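Here is the structure we will look at.
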Amino acid sequence: RKEFVDLYVNYVFNESIQKPFEDFMKGFLRGCPARKWEMFLPEQLQIVLQGHTKFDWRLLEKNVMYRQYKKLDPTIRNFWIVFHKLPEEKKKMFLAFLSGSDQIPGYGLEHFQFSIADPQAEDPDELYPWASTCSRILFLPR
């Protein structure tokens, strides 16, 4: 039985995917030559390709720049109270809404900055929040 299980596991995890993996690796290495990736440790390469997967949301709050707002304005304080109560998945959805990606680039959250701006509408109750993903600006009506 042990030999059967060992052979089956080897087949499932190695032999059955060998051809698709070789095809993937060939295509990947055509666009990204292996010698360029050798300088990275596996963990570093994962961050370069995927971005960071762990977030310090308080650090995100510290890096915000405010336009037409001050840090202690009621709208801003309420925004952060609600934001920090959100589940992790919703916070990532907010990040995707703001920047176009739910991942933090490899340079890290300490360098990730965005702005919260007041659109200065005559009737802010008529507006929803919206974002400029290229500029990383969240337009948050009062």
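In this text the structure is predicted, and so the values were computed from the model without any measurement.
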### Message
Between I137 and I76, is there shared hydrophobic-cluster membership here, with clusters defined by ILVMFWY side-chain heavy atoms closer than 4.5 Å?
### Response
no
## Note on the structure
For F97 and W130, the nearest pair of non-hydrogen atoms, with its separation, is CZ-CA, 3.7 Å
### Query
Is it true that a side-chain atom of Y69 and a backbone atom of L140 form a donor plus acceptor pair closer than 3.5 Å?
yes
### Query
Between S115 (side chain) and A117 (backbone), is there a donor-acceptor pair under 3.5 Å?
no
### Task
Give a yes or no on whether W80 and L98 share a hydrophobic cluster (residues Ile, Leu, Val, Met, Phe, Trp, Tyr; joining criterion: side-chain heavy atoms under 4.5 Å apart).
yes
### Query
Minimum heavy-atom separation for Q113 to R136, with atom names?
O-CD, 3.4 Å
### Query
Would you call L127 and F139 a side-chain contact if the rule is heavy atoms closer than 4.5 Å?
no
### Query
Is the shortest heavy-atom distance from the side chain of E3 to the side chain of L7 under 4.5 Å?
yes
### Query
For the atom pair NZ (K91) and CG (L95), what is the distance rounded to the nearest 0.5 Å?
11.5 Å
#### Entry: More than 12 heavy atoms of other groups within 6.0 Å of R67 CZ
no
### Query
Side-chain contact, heavy-atom cut-off 4.5 Å: F114 with L60?
yes
### Task
Report yes or no: does D73 contribute a side-chain atom to a donor-acceptor pair with the main-chain N or O of K70 at less than 3.5 Å?
yes
### Query
Would you call R58 and E61 a salt bridge, using N to O less than 4.0 angstrom?
yes
### Task
Find the distance between OH (Y11) and CD (Q18) and round it off to the nearest 0.5 Å.
11.0 Å
### Query
How close do P124 and R142 get, heavy atom to heavy atom, and via which atoms?
CB-O, 3.5 Å
### Query
Which one of H84, K90, E89, E88 satisfies the side chain to side chain contact (heavy atoms under 4.5 Å, CB included) criterion with L86?
K90
### Query
Hey, what do you get for CD1 (I116) to CZ (F79), rounding to the nearest 0.5 Å?
4.5 Å
### Query
With hydrophobic residues grouped by side-chain heavy-atom distances under 4.5 Å, do M93 and F83 end up in a single group?
no
### Query
What distance separates L138 CG from D118 CG, expressed to the nearest 0.5 Å?
11.0 Å
### Message
A side-chain contact here means heavy atoms from C-beta on lying under 4.5 Å apart; do E15 and N10 qualify?
### Response
yes
### Summary
CD of E22 to CD1 of I17, rounded to nearest 0.5 Å, is 10.0 Å
